[in-house]
There are 2 protein chains.
Amino acid sequence: MSNYHHGDVRNTLLQQAETILHQEGPGGLTLRRLARLTGISEAAPYRHFDGKDGILAAVAIAAFDRFADRLQQVASQHADHRDRVMALGAAYVGFALDHPQHFRLIFGRERPPLDQYPDLREAADNAFDVLQRAVTAIDRRADMTLTEAATAYNRALAAWSRAHGIATLLIDGMIVPPADQDIEAFILGLLSEDLTAPSA
Amino acid sequence: MSNYHHGDVRNTLLQQAETILHQEGPGGLTLRRLARLTGISEAAPYRHFDGKDGILAAVAIAAFDRFADRLQQVASQHADHRDRVMALGAAYVGFALDHPQHFRLIFGRERPPLDQYPDLREAADNAFDVLQRAVTAIDRRADMTLTEAATAYNRALAAWSRAHGIATLLIDGMIVPPADQDIEAFILGLLSEDLTAPSA
DNA sequence: ACTTATATGTTAACATCATTAACATATAAA
DNA sequence: TTTATATGTTAATGATGTTAACATATAAGT
């Protein structure tokens, strides 16, 4: 008799986890609920994952991968350096707005510790590599001085933290985009604002 | 017989909560543990707070107030607008580095909902008002056009999201400040980096 | 084909958590 | 002194993550 789900229990659990995460955030995600939805006993998930953190890690890896894919695709569509940095920033914030729960999962506190899940660390590193390569690409010249290289790196960090701050404040509702303006334009405006220029 | 703690149970609970929050973050903060540390039964905290969220709200209010005070003090020490914006950004990030758990509490997901705790909302609004007033102060002129006012507001948002992004990425360990450089200088560099300028 | 090992499943239990109900007593007010 | 309020207790409820002990299906080895 084949009461076994064979290989699909793992995938079913992951899909249910994705659904709950999307609808209610990490708070509503409990192992017992996942087991109930999948139609297995409450201890069964432990045969497929390393407890709750194991499931969260798997979901986070998928989220990191989709994030990286989106960034990579946007980066490849812009040849000009400045265009690319701006488009990347917009894509970064766009991902956060489209998938706020995934964004929170991969950057928030319920993300399992990277040093306990090597695959998760790899997925995270990969996403940030995509980002950093795209931002610093044009500055990667052989005849670069050390300070020039440091400047390029700092630029990447600055661009990253800018996008990250906007994304975080937006999905937490602390910044509300103006209703009369295109959101994309609003984001690009915030990204490119030059604080060093004289005011008015 | 005076077995009662009188008025100090509430304060003791809050202090224990602060201590645990500081040492372990919100994850280690449980009502039962607070009760144990304070030497009262597990149901007693409910006589002083509206459950766990009530305690978290009280701690968050105190954190917001300290945050606002620090920003206010820094803002008052700089007359020049650009200096003030930069100093505020550094203070913002500095607070996050000095009190990462408090920073996470007031901006993170375990912060109780603002609309259920009016005092918490007030504390939050106050902190952001300090920030926004300081950043836009010099641009608050009577003869300002609408677009000029919008630009000033956008500048405030840009400065805020910049500081917020740097703070978040730093306390999450996603950005590691260079060991050979002063952290303050590193932060100021990131804040003032102009992405619109030509590279190299 | 038979035996064995591994993968997958189950039920039951444990410890912890937030919260509430029912009850008790200290302090303050009338 | 009586009464009301504030503060405390114990016990219970229902949820959670996790593990142990046990059962069976599939795969592997001989």
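Chain letters run A, B, ... following the sequence lines, proteins first and then strands; every chain starts at 1. Values below: every heavy atom of this structure, side chains too, minus hydrogens, waters and symmetry copies.
With hydrogens and angles ignored, the 3.5 Å screen pairs no side-chain donor or acceptor of A:R36 with any backbone N or O of A:S41. A distance-only check finds no donor-acceptor pair linking the side chain of A:H78 to the backbone of A:V85 [under 3.5 Å].
Rounded to an integer number of Å, the gap from CZ of A:F49 to P of D:dT19 is 16 Å. In this entry the distance linking CZ of A:R10 with P of C:dA7 reads 14 Å, nearest Å.
Taking a 6.0 Å sphere around CD of B:E122, one finds it holds 12 or fewer heavy atoms contributed by other residues, nucleotides or ligands.
Closest to the side chain of A:H48, out of D:dT9, C:dT11, C:dT8, is C:dT8.
A:R111 meets the side-chain hydrogen bond (donor to acceptor under 3.5 Å, both in side chains) test with no other residue; sequence neighbours excluded. B:Y46 pairs by the side-chain contact (heavy atoms from CB on, under 4.5 Å) definition with B:L31, not counting sequence neighbours. For A:A57, the side-chain contact (heavy atoms from CB on, under 4.5 Å) partners are A:P112, A:Y117, A:L120, not counting sequence neighbours. Shown here are the salt bridge (Lys or Arg N to Asp or Glu O under 4.0 Å) partners of B:R47, two or more places apart in sequence or in another chain: there are none.
Ring geometry for B:H164 against B:W160 counts as perpendicular: the plane angle is over 60°, on a 0 to 90° scale with 30° as the lower cut.
Taken residue by residue, residues 14-24 of chain B places no heavy atom nearer than 4.0 Å to DNA chain C.
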Q | Base-contact (B) and sugar-phosphate-only (S) positions in nucleotides 14-21 of chain C, heavy-atom cut-off under 4.0 Å, - elsewhere | A | ---BBBB-

